[in-house]
Amino acid sequence: MREFGNFRTMEYRDGALRLIDQRRLPTEEVYVECRTEEEVAEAIRSMAVRGAPAIGVAAAYGMAIAARRAAEGSPGEQREALERAAALLAGTRPTAVNLFWAIERMRAASRESRSSGLKLADELLALAEEMHREDLAICRRIGDIGADLLPADVSLLTHCNAGALATAGYGTATGVIRSGFRSGKVRQVFVDETRPFLQGARLTAWELCRDGIPVVLITDSMAAYCMRLGKVGAVVVGADRVAANGDVANKIGTYGLAILAREHGVPFYVAAPISTIDLETPQGGDIPIEERPAQEVRTIGGRMIAPEGVEVFNPAFDVTPARLVDALITERGVVRLARGERLESLFASPEGR
């Protein structure tokens, strides 16, 4: 088995951030090149790149690109260009906290550096590349820790895409699947379509098929019946933001799956890096929820499936209460939120629990 397909979610090469265009998958494997911070921002906004960790790393590269483009100006002009880039990138997707974490890390490095011009640009590019490597290592560790929680010969259900495409590589929830399959624990994976953008059908199924992991594609509305039939042994999903009390914002439909899992006695796991935890947001109700364009619901693949002009409510995310999350799986260990364990334990030491 290839460990995570034979594609790159992103890479920086020859002055450009090269991104696999996730809007075109699975029928076309094409890449977009971003040579300006505006192009990086548009790639994030339009979901050419998506998934909280991937968005964060892409934004870091966007900041590095901005620093290089302004390197010939005065130090003050370069700093102003970085602040403009930070504001531009921060305005693309409001829910994924990794975006703001990555931008602030780049801003802090810029403020602390005594360099300017090309030297500062090189320093920021090195930091973006370091964040890229860190994310890959973190996802591998999340995958291995999560796999230890799984029973033998389990069939999993996952929602949306929390795989290599949603991160710098390997994946969070899909990382748990990959590690579990490699260790012989995961028998097959049920993937729901994840309307309206179909990230499950288009992206997760594509990734797992490339890895040779048995996949069963279902519609979102089939999850309850699959659990009722005993076909699902555990649910594992990713997260875009985890509030201080453990409430989890993730792709719309996650909350419903958590309720279904509780009703059927199926463990519900969330896999996410520490950078997704936002201790400044007290609870899930305080998380800003992005609303996407109505045409995403009115159409599939550009074809109308609803009356033109019909009113649409299209939140991109929902919030799952901590009490429904059996375990939050991070690179520093596991917090069993449904048992009342608190996130603070993950920050007690550099290595966590």
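Side chains included, hydrogens not; waters and symmetry mates left out as well; all remaining heavy atoms used. Numbers for residues simply follow the sequence, beginning at 1.
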Under the rule for side-chain contact (heavy atoms from CB on, under 4.5 Å), what residues qualify as partners of Glu42, not counting sequence neighbours? Arg45, Ser46
Side-chain contact, heavy-atom cut-off 4.5 Å: Arg202 with Thr27? no
So, the side chain of Glu341 versus the backbone of Arg336: is there a donor-acceptor pair under 3.5 Å, distance only? yes
Any sub-3.5 Å donor-acceptor pair from Asp318's side-chain atoms to Tyr255's backbone N or O? yes
Looking only at the side chains, is there a donor atom on one of Arg187 and Ser155 sitting less than 3.5 Å from an acceptor on the other? yes
Using only atom types and a distance under 3.5 Å, with no angle test, would you say the side chain of Glu331 pairs donor to acceptor with the backbone of Ile274? yes
Expected output: side-chain Arg79 to main-chain Ser116 donor-acceptor under 3.5 Å: no
Sequence neighbours left out, what pairs pass ring-ring contact (aromatic ring centres under 6.0 Å, His included) with at least one residue falling in residues 100-138? Tyr61-His132
Please test Asp278 against Arg241 for salt bridge (Lys or Arg N to Asp or Glu O under 4.0 Å), starting from the C-alpha separation and ending with a verdict. CA-CA 7 Å; Asp278 181 9; Arg241 188 182 300 212; 2.9 Å; yes
Output yes when a side-chain donor or acceptor of Asp192 lies under 3.5 Å from a complementary backbone atom of Ile218, and no otherwise. no
Heavy-atom distance under 4.5 Å between the side chains of Val248 and Val237, does that happen here? no
Backbone N or O of Val310 within a donor-acceptor pair of the Arg298 side chain at under 3.5 Å? yes
Run the side chain to side chain donor-acceptor pair (under 3.5 Å) test against Asn245 and tell me which residues pass, sequence neighbours left out. Asp247
Is any side-chain heavy atom of Arg323 less than 4.5 Å from a side-chain heavy atom of Arg262? no
Taking the side chain from Ser183 and the backbone from Gly180, do they hold a donor-acceptor pair closer than 3.5 Å? yes
Strictly distance-based, threshold 3.5 Å: is any side-chain N or O of Arg292 a donor or acceptor partner for the main-chain N or O of Ala316? no
Could you verify whether a donor N or O on one side chain and an acceptor N or O on the other, from Arg50 and Asn161, lie under 3.5 Å apart? yes
Return yes if some donor-acceptor pair links the side-chain N/O of Glu291 with the main-chain N/O of Asn314 below 3.5 Å, else return no. no
Spell out, as yes or no, whether a donor-acceptor pair under 3.5 Å connects the side chain of Glu207 to the backbone of Leu165. yes
Can you confirm whether more than 12 heavy atoms, excluding those of Arg111, are under 6.0 Å from its CZ atom? yes
Can you name the one residue among Arg140, Arg141, Arg105 that meets salt bridge (Lys or Arg N to Asp or Glu O under 4.0 Å) with Glu134? Arg105
